[in-house]
Amino acid sequence: MLLVVLAMIPGIIMECYYFTIAVLIQIFLSSITSVIFEIIILKLRKKNIYINIFDYSAIVSGILLGLSVPAFSPWWISVIGSFFSIVVTKHLYGGLGNNIFNPAMSGYAILLISFPAIMTNWSFQNNLNVIDTLSIKNIISIIFFTNLKDYFETLSQFFNLSFFITQATPLEQIRIDNRNISIFHFTDFSIFFENILIYRHWILINISFLVGGLFLLTKKIICWRISLGFLFSIFFCYSLDFLFFEKNKLFPLIPLFLGNTMIGAFFISTDPITTSITKIGRIIFGLVIGTLIWIIRVFGGYPDAISFSILLANSVVPLLDFYTRTRIYGK
């Protein structure tokens, strides 16, 4: 668990570089509340608190949740997400080792469905010039407003002061544009590279998590089969679209570096508790996630589909384990 946290540091640093200290605040909130909820539920279940706390699973779930929510979300978003991740998804199923669904993604999915306006608010994150004008005091005031009306009024004030137009993230723009015109239209190289520069922060963040994921692979902390199946299926589906269907003419490599793709491929989907226990099953598991991501991104209503795809794939793990069982020696 500690090596997983270490591997996330390059991505966290890159997010903080572009999105300020707000990222660390969200990680701190979700991690602390995850540990608090873990202690409370362990006390109620009369479990050994010391042993269970220092497996660091709650902290890892908290960090992943903190990285998933928009950096300028209200403080209570991380608290609610942590509650569902630790109490509902993890301990109500029996604790670590018994949970069916990925805790961090369960909490994130609940937040996305319950508070869509907040969870899809990436206005600041897509306007780097505006972020540079925010002081630490501004950031704290945005995050720690408890009243929703005050929260959105505060955002509006910054919008007006900054004189900028709210932009969609690349994935959202691809979806809104009816999938016919892509910001990464590859037929015009000048436009292609211009858009690469505009959204370089999203691409560099994904590269940072890719570096951390490769570190975990070299240490054999995570299974390469899941990550490979995950990334290959996304690339394959977008390649078919690019070469034959021409739904959006999106160059196949680009979707691998937008949204939460790399953190999903190396840090979330590879959770050993909620994935298949067989080698073939893990390959299929990764392929299922990647295919679902493509389907939801292209045909669904959500710009990024990491959480829903992983949770849906978690639900078929028992089926994968049953049909991919290795034959016992001698049988």
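Just so it is clear, the structure is predicted and the values come from calculations on it, not from any experiment.
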*asked:* Rounded at 0.5 Å granularity, tell me how far CZ in Phe266 sits from CG in Leu217.
replied: 5.5 Å
*Does any non-hydrogen side-chain atom of Thr270 lie less than 4.5 Å from one of Ser227?*
yes
_Are Val35 and Ile53 packed together at the side-chain level, in the sense that at least one heavy-atom pair is separated by less than 4.5 angstrom?_
yes
*Could you tell me how the ring of Tyr50 sits relative to the ring of Phe54: parallel (under 30°), tilted (30 to 60°) or perpendicular (over 60°)?*
tilted
*How are the rings of His201 and Tyr18 set relative to one another: parallel (under 30°), tilted (30 to 60°) or perpendicular (over 60°)?*
tilted
*Output, in order, the C-alpha distance, side-chain angles, deciding distance and verdict of side chain to side chain contact (heavy atoms under 4.5 Å, CB included) for Phe236 and Leu240.*
CA-CA 6 Å; Phe236 178 76; Leu240 290 179; 3.5 Å; yes
*If you group Ile, Leu, Val, Met, Phe, Trp and Tyr by side-chain heavy-atom gaps below 4.5 Å, do Ile273 and Phe285 land in one group?*
no
*Is there a path from Ile203 to Met8 through hydrophobic residues (I, L, V, M, F, W, Y) whose side chains come within less than 4.5 Å of each other?*
yes
*First locate atom CG of Asp241, then atom SG of Cys237, and finally report the distance between them rounded to the nearest 0.5 Å.*
9.0 Å
*Do any N or O atoms from the side chain of Asn102 and from the backbone of Thr274 form a donor-acceptor pair under 3.5 angstrom?*
no
*Is the backbone of Ile27 close enough, under 3.5 Å, to the side chain of Ser30 for a donor and an acceptor to pair up by distance?*
yes
*Given Gln26 and Ile77, is the side chain to side chain contact (heavy atoms under 4.5 Å, CB included) satisfied, shown in steps?*
CA-CA 9 Å; Gln26 296 296 343; Ile77 283 288; 5.6 Å; no
*Is any side-chain heavy atom of Leu67 less than 4.5 Å from a side-chain heavy atom of Phe209?*
yes
*asked:* Under the side chain to side chain contact (heavy atoms under 4.5 Å, CB included) test against Leu42, which residue among Asn52, Ile51, Asn48 passes?
replied: Asn52
*Can you label the angle between the Phe19 ring and the Trp202 ring as parallel, tilted or perpendicular, going by 30° and 60°?*
tilted
*Distance from Thr89 atom OG1 to Phe83 atom CZ, nearest 0.5 Å?*
10.0 Å
*For Phe230, does its backbone N or O pair with a side-chain atom of Ser233 as donor and acceptor, under 3.5 Å?*
yes
*asked:* Determine whether the aromatic ring centres of residues Trp224 and Phe232 are separated by less than 6.0 angstrom.
replied: no
*Write out all pairs satisfying salt bridge (Lys or Arg N to Asp or Glu O under 4.0 Å) with one or both partners inside residues 93-114, taking only residues at least two apart or from two chains.*
none
*Is the count of non-hydrogen atoms from other residues, nucleotides or ligands lying under 6.0 Å from Ile136 atom CD1 greater than 12?*
no
*asked:* With heavy-atom distances below 4.5 Å as the criterion, would you say the side chains of Val79 and Phe37 are in contact?
replied: yes
*Under 4.5 Å between any side-chain heavy atoms of Leu292 and Phe308, yes or no?*
no
_Would a single hydrophobic cluster contain both Ile295 and Val316, if residues Ile, Leu, Val, Met, Phe, Trp and Tyr are joined by side-chain heavy-atom contacts under 4.5 Å?_
yes
_Which atom of Leu29 lies closest to which atom of Ser78, heavy atoms considered_ = CB-CB, 4.0 Å
*Find the distance between CD (Glu38) and CG (Asp55) and round it off to the nearest 0.5 Å.*
6.5 Å
*Where Val88 and Tyr93 come nearest, the two heavy atoms and their spacing*: O-CD1, 3.6 Å
_Quick one, Ile283 and Leu228 - any side-chain contact, counting heavy atoms below 4.5 Å?_
no
*Would you kindly confirm whether Leu96 and Ile221 end up in one hydrophobic cluster when ILVMFWY residues are joined by side chain heavy atoms under 4.5 Å apart?*
no
_Atom of Met119, atom of Leu112 and distance for their closest heavy-atom approach_ = CB-CD1, 3.7 Å
_Working note: Val288 + Leu320, criterion side chain to side chain contact (heavy atoms under 4.5 Å, CB included); need CA distance, chi angles, decisive distance, verdict._
CA-CA 11 Å; Val288 168; Leu320 292 177; 5.5 Å; no
*What are the two closest heavy atoms between Ile234 and Pro255, and how far apart are they?*
CG2-CB, 4.3 Å
*Quick one: do the Ser276 and Arg225 side chains pair a donor with an acceptor below 3.5 Å?*
no
*Approximate separation, where rounding is to 0.5 Å, of Ile226 CD1 and Ile310 CD1*: 10.0 Å
*Shortest non-hydrogen contact between Phe72 and Thr20, atoms and distance*: CZ-OG1, 3.9 Å
*asked:* side chain to side chain contact (heavy atoms under 4.5 Å, CB included) for Val4 and Leu216? Distances and angles first, verdict last.
replied: CA-CA 7 Å; Val4 171; Leu216 293 179; 4.3 Å; yes
*Crowded around Ile280 CD1? As in, over 12 foreign heavy atoms under 6.0 Å?*
no
*So is Arg325 actually on top of Phe322's ring, under 6.0 Å and inside 45° of the axis?*
yes
_Same apolar cluster (I L V M F W Y, side chains within < 4.5 Å links), Val211/Ile63_ = no
*asked:* Taking salt bridge (charged side-chain N to carboxylate O under 4.0 Å, His left out) as the definition, give me every residue that meets it alongside Glu15, ordered by chain and number, with sequence neighbours left out.
replied: none
_Polar side-chain atom of Thr261 near backbone of Phe257 as donor-acceptor pair, under 3.5 Å_ = no
*Check whether any side-chain heavy atom of Met105 sits under 4.5 Å from a side-chain heavy atom of Asn260, and report yes or no.*
no
*Short side-chain to backbone donor-acceptor contact, Asn314 and Phe101, under 3.5 Å*: no
*Could you pull out the closest heavy-atom pair between Asp321 and Thr278, with the gap in Å?*
OD1-N, 4.3 Å
*asked:* Under a 3.5 Å distance rule, please check whether Thr275 uses its side chain to pair with a backbone N or O of Asp271 as donor and acceptor.
replied: no
*Kindly compute the distance separating CD1 (Ile277) from SG (Cys223), expressed to the nearest 0.5 Å.*
12.5 Å
_Consider side-chain hydrogen bond (donor to acceptor under 3.5 Å, both in side chains). Of Ser57, Ser61, Ser34, Ser85, which one does Lys90 pass it with?_
Ser57
*Leu92 vs Phe84 side-chain heavy atoms within contact, under 4.5 Å*: no
